[in-house]
Amino acid sequence: MPLLHPNRNPAFLSLVNTDKAELFRDVFPYTKISRVPFDGIYVEPRPANPMFITDTTFRDGQQARPPYTVKQILHIYDLLHELGGRSGLVRACEFFMYSDKDKKAIEACRSRGYSFPTITGWIRANIDDLRLAKEMEFKEVGMLTSVSDYHIFMKLGWTRQKAMDNYLALAAKALEWGIVPRCHFEDVTRADVRGFCLPLAAKLMDLAKQSGMPVKIRLCDTMGYGVPYPGAALPRSVPRLVRAFTDAAGVPGEWLEWHGHNDFHKVLINASTAWLYGCSGVNSTLLGFGERTGNSPLEAMVIEYISLTGDDDAANTQVITTIARYFEKELDYRIPDNYPFAGKDFNATSAGIHVDGLAKNEEIYNIFDTKTILGRSVPIIINDKSGRAGVAYWINQTLNLNDDQQVSKTHPAVGMIYNRILQSYEAGRSTNFSNKEMLSLAKRYMPEIFPSEFERIRGITKKLAANIIAKLAKDIVIKGQGNEHYPWMGQFLQEYPFIQYINLTDDKGRLLGSAVLDPKYKDLYERLPLGFDFSSREWFTVPMKSGKLHVTDIYQSLFTDKLIVSVSAPVTDENDEISGIIGVDIQLDELLRRAEALEEQQDDNGN
C-alpha cells in the first residue's frame with residue numbers, strides 16, 4: 001500500500017514583502033565559508049515518477065566555452081537524440097533565440113522532426129523577449145525569474161511585491177499566447193523560501209489551473225549552495241526544497257526541474273537527490289559545461305538514471321563515447337584522462353593492467369563491461385611492467401588503429417619504445433608514463449601511423465573546398481569557349497580570395513574559360529590560350545574517371561612559385577553526363593590563414 005503524502009492547502013502561503021533584503025548572514029557570511037544549518041526536520045525519499053533529463057548545453061553550456069557553430073549544434077542535437085531522445089529520457093533542449101545564428105540553429109534542429117528532445121527557448125523576464133518567443137512559435141520557454149533578495153534587491157532594485165507582480169504578469173501573458181512558461185527560480189538556495197518562493201509558486205499554480213496549461217518551475221541552485229544532507233535546513237536543503245514546492249505549493253513533480261552548479265562539488269549528488277525526493281526533471285549539460293564550475297554532467301545523469309531505475313534500454317550509452325570523441329577531435333576540447341565515463345583512462349587502475357591477463361582480470365579493475373556499455377576497451381597504463389604487449393596494446397587502442405594498421409608486440413618500433421621506457425625506470429623514474437609521453441614516443445619511432453603536416457593541410461583543403469567547388473560545379477552550365485560566357489568566375493574569386501586561379505574545360509580537357517585573382521599573375525596564366533589541352537593533368541583525369549571531387553597533392557605552381565593544391569570536380573548536363581571539369585588552384589598560405597573564418601562562413605550559410 002503506498003504511503004499517503006497529502007499536499008498542504010497552498011492558500012495559507014502569503015508574500016512577506018519586507019523592506020529590507022533577507023540575506024541570511026548567519027548562513028552566508030561572505031567573508032567566511034558559507035554554513036550548513038541543521039534544524040532536525042527530516043523528510044523521507046519519495047522518488048519522482050517519471051524521472052527525466054533536460055539539456056542546457058546550448059544555453060548555460062555555451063557560457064563556459066567558445067560558441068558552437070550551427071553545424072556543431074545540429075550534430076550535438078543529433079547525438080543527444082541518439083543518446084536518450086528516442087526513449088524520451090533526454091526530454092528537452094534549451095536554446096538562446098536572439099542572434100541570427102541562434103535562429104538558424106533552432107530552425108536546423110526543428111527540421112529533424114524528433115519527438116525528443118523537444119526544443120525550448122530561454123528569455124529574460126520582459127514582454128519583448130516573450131513576443132520574440134511567440135514569433136518563433138515556441139511551445140515552451142524558460143523565463144529568468146530571480147527569487148533571492150540578493151537578486152531582487154541588490155541586482156534588480158525591486159521589492160518582492162514588484163518582482164512577484166512582474167513574474168506573474170509575464171507568465172499570464174505566456175499562457176494567453178499558448179506558451180508554457182518555465183519559471184527559472186534563480187538563486188533559490190539563497191532565497192526566502194516561505195516568504196517569497198512558495199507564495200509565488202502557489203500563484204503560478206493558480207494560473208495553471210485557470211488556463212488549463214502547465215506552469216513549470218526550475219529550481220536553480222545558481223551558486224551551488226544546495227546540500228543533500230538529511231536534517232539540513234532551508235534554503236540549502238535539496239530534499240526540503242523539492243518537498244516544499246510539491247507538498248506546500250502544490251507543484252506537480254513532473255512540472256519541477258533541478259538546475260545545479262558545482263561550486264561546492266555537489267552538482268551530481270544534488271541532482272540525484274532532487275530525483276529521489278520528487279523532482280522529475282534534472283537539467284544538465286554534456287560533460288558538465290556551464291557557467292563558472294559547471295552543471296550536472298548529462299552523461300553522468302544518464303548512468304545515474306539507469307542505476308536508480310534498472311532501465312537499461314532508456315539510453316544508448318555507447319553514444320557517450322561518440323560524444324567524447326566528437327568534443328576532443330572536432331571541438332578541440334581536452335577531456336581530462338580520468339574524467340568519469342569519457343576520459344581516456346577513467347577505468348584504468350594506477351597499478352596498471354597486464355595485457356596478457358586482461359581477459360581474466362578485467363572485472364577486478366573495471367566498474368562494468370565498458371566494451372558493451374560504452375563501446376570502449378579497457379585502457380592500459382604504461383610502466384616498466386607493461387612489456388612489449390602492453391606497448392602494442394596501448395598504441396592500437398589509444399590511436400584507434402584499424403585491423404590493417406594495428407601493430408604486434410614483435411614490431412621493431414614497439415621494442416624501441418619499450419626499451420626507452422625501461423631506460424627511464426633504470427634512471428630512477430617511479431611514475432607511470434602519461435598518454436602525452438606515449439604519444440611523443442610513438443610519433444618518434446612510428447611516424448608512419450600519424451598524418452603528416454602535408455596530409456593535414458590537404459585534409460583542411462578538402463574539407464573547406466568540397467562544399468564550395470561541389471556547389472559551384474552543380475550550378476555551371478557549359479555555353480561554349482570564351483570568358484565572356486562565364487563572367488561569374490571573377491566574382492567567385494573575389495568571394496574566395498584564397499583561390500588564385502579558376503578554369504573550366506570541356507570533357508576533352510580543352511580550356512573553355514578562366515580567371516586569375518592577382519593581376520600580377522594574369523599575364524603568366526594567359527599564356528594558356530583558350531582550347532589549351534589539359535587532358536593529361538591529374539586534376540582532369542581523376543574526376544573524369546571517378547565522377548567525384550578530387551584534391552591533388554601539394555605542389556609548386558609553375559606560374560607563381562607558391563605551394564598550391566588543385567581541387568576539381570565534374571560538371572554534368574541534364575542527363576547527368578560529365579560535360580566538363582571545373583578546377584581551382586588554392587594558395588595554401590592564404591587558406592591556412594582563413595581556415596577558421598571560412599568554416600564559420602560555410603556553417604552560417606547552412607553548407
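These numbers come from a predicted model, not from an experiment.
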Tell me if the CG atom of Asn402 is crowded by more than 12 foreign heavy atoms within 6.0 Å.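 Result for CG/Asn402: enclosed.
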
Going from [atom1] on [X] to [atom2] on [Y], what distance comes out if it is rounded to the nearest 0.5 angstrom?
{"X": "Ile469", "Y": "Lys474", "atom1": "CD1", "atom2": "NZ", "answer": "15.0 Å"}
{"X": "Ser440", "Y": "Tyr445", "atom1": "OG", "atom2": "OH", "answer": "9.5 Å"}
{"X": "Phe534", "Y": "Phe532", "atom1": "CZ", "atom2": "CZ", "answer": "5.5 Å"}
{"X": "Ile582", "Y": "Ser568", "atom1": "CD1", "atom2": "OG", "answer": "9.5 Å"}
{"X": "Thr431", "Y": "Ile381", "atom1": "OG1", "atom2": "CD1", "answer": "11.5 Å"}
{"X": "Leu83", "Y": "Thr317", "atom1": "CG", "atom2": "OG1", "answer": "8.0 Å"}

Is a side-chain donor-acceptor pair under 3.5 Å present for [Y] with [X]?
{"X": "Asp345", "Y": "Asn435", "answer": "yes"}
{"X": "Tyr114", "Y": "Asp78", "answer": "yes"}
{"X": "Glu538", "Y": "His550", "answer": "yes"}
{"X": "Tyr339", "Y": "Glu299", "answer": "yes"}
{"X": "Asn283", "Y": "Thr54", "answer": "yes"}
{"X": "Thr370", "Y": "Asn366", "answer": "yes"}
{"X": "Ser377", "Y": "Gln397", "answer": "yes"}

With under 30° as parallel and over 60° as perpendicular, where do the rings of Trp488 and Tyr486 fit, or are they tilted in between?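 Trp488 and Tyr486: perpendicular rings.
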
Salt bridge check, Arg510 against Asp533: does any charged N sit closer than 4.0 Å to a carboxylate O?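 No salt bridge links Asp533 with Arg510.
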
Under a 4.0 Å N-O cut-off, is there an ion pair linking Glu107 with Lys103?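 Salt bridge between Glu107 and Lys103, a charged N being under 4.0 Å from a carboxylate O: no.
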
Can you name the closest pair of heavy atoms from [X] and [Y] and give their distance?
{"X": "Ile306", "Y": "Ala315", "result": "CD1-CB, 4.4 Å"}
{"X": "Ser579", "Y": "Ile478", "result": "O-CD1, 3.1 Å"}
{"X": "Lys562", "Y": "Tyr521", "result": "CE-OH, 3.8 Å"}
{"X": "Tyr98", "Y": "Ile123", "result": "OH-CA, 3.3 Å"}
{"X": "Asn383", "Y": "Ile421", "result": "O-CG2, 4.0 Å"}
{"X": "Glu291", "Y": "Asp60", "result": "N-OD1, 3.0 Å"}

Under 3.5 Å, is there a donor-acceptor pair between the side chain of [X] and the main chain of [Y]?
{"X": "Ser296", "Y": "Ser284", "answer": "no"}
{"X": "Ser566", "Y": "Thr552", "answer": "no"}
{"X": "Asn347", "Y": "Phe341", "answer": "no"}
{"X": "Asn295", "Y": "Thr56", "answer": "no"}
{"X": "Gln500", "Y": "Ile586", "answer": "no"}
{"X": "Asn396", "Y": "Val407", "answer": "yes"}
{"X": "Asp573", "Y": "Asp576", "answer": "yes"}
{"X": "Thr57", "Y": "Leu286", "answer": "yes"}
{"X": "Gln318", "Y": "Thr372", "answer": "yes"}
{"X": "Ser514", "Y": "Ile502", "answer": "no"}

Compare all side-chain heavy atoms of [X] with those of [Y] and state whether any distance is below 4.5 angstrom.
{"X": "Gln556", "Y": "Asp561", "answer": "yes"}
{"X": "Phe138", "Y": "Ile119", "answer": "yes"}
{"X": "Phe433", "Y": "Tyr425", "answer": "yes"}
{"X": "Arg325", "Y": "Asn400", "answer": "yes"}

Taking the six-membered ring for Trp, are the ring centroids of [X] and [Y] within less than 6.0 Å of each other?
{"X": "His81", "Y": "Phe116", "result": "no"}
{"X": "Phe95", "Y": "Phe58", "result": "yes"}
{"X": "Phe559", "Y": "Tyr525", "result": "yes"}

Could you work out, with salt bridge (Lys or Arg N to Asp or Glu O under 4.0 Å) as the rule, every residue matching Arg429, not counting sequence neighbours?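 Applying salt bridge (Lys or Arg N to Asp or Glu O under 4.0 Å) to Arg429 gives Glu437.
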
